[in-house]
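These numbers come from the heavy atoms of this one structure, side chains and all, not from hydrogens, waters or symmetry mates.
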Amino acid sequence: MKVSSEYKNEIHTEFPIHLPDKKFVDWCLENFSINRGVFNVIDNWFFDYGIQHIVKRRRIIIQYLDHLQTYNHIKVKRKRPQFGKGGVKQSLYYFVGKCQNINNSQNKGEGRCCGSQS
């Protein structure tokens, strides 16, 4: 039985969000080469941004890390994200702005990202 890529993406996103904190961070390290310090900055930033529900925040963190991985693979061909001083937050602002543009252009709120409210 062949598993559709859409189903694989759902498993990829849904399984890890329910892991205990340490295991979720370890999963992020394994899948996105993100260390605990960078993870904490990302997690705190989304919390301060207003995404306080842990499951929603973890889904968005995975979306963000997928975005970083795609950007790094296509644009700069690095295995792990590289940030300069303030680079994580700058990247987060860019990601949220991109999501808001996507959300504003879509009909009836389908396919929303960044946990945006409607």
Subject >> I17 versus R58, closest heavy-atom pair with distance >> reply: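 Minimum heavy-atom contact is O-NH1, 3.0 Å.
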Subject >> Same cluster (ILVMFWY, side-chain, under 4.5 Å), I61 and F47 >> reply: no
Original post:
Do Y94 and L65 share a hydrophobic cluster (ILVMFWY, side-chain heavy atoms under 4.5 Å, transitive)?
Top reply: no
How far does [atom1] of [X] sit from [atom2] of [Y], to the nearest 0.5 angstrom?
X	Y	atom1	atom2	answer
H67	C99	NE2	SG	8.0 Å
K89	N44	NZ	CG	9.0 Å
I51	K56	CD1	NZ	9.0 Å
I42	I34	CD1	CD1	4.5 Å
Y49	L92	OH	CG	10.5 Å
R36	K22	CZ	NZ	7.5 Å

Are the side chains of [Y] and [X] in contact, using a 4.5 Å heavy-atom criterion?
X	Y	answer
Q63	D66	no
I62	F24	yes
F32	Y64	no

Original post:
Is a side-chain N or O of D43 found less than 3.5 angstrom from the main chain of F39, in a donor-acceptor match?
Top reply: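 Pair absent, no side-chain N/O of D43 close to backbone of F39.
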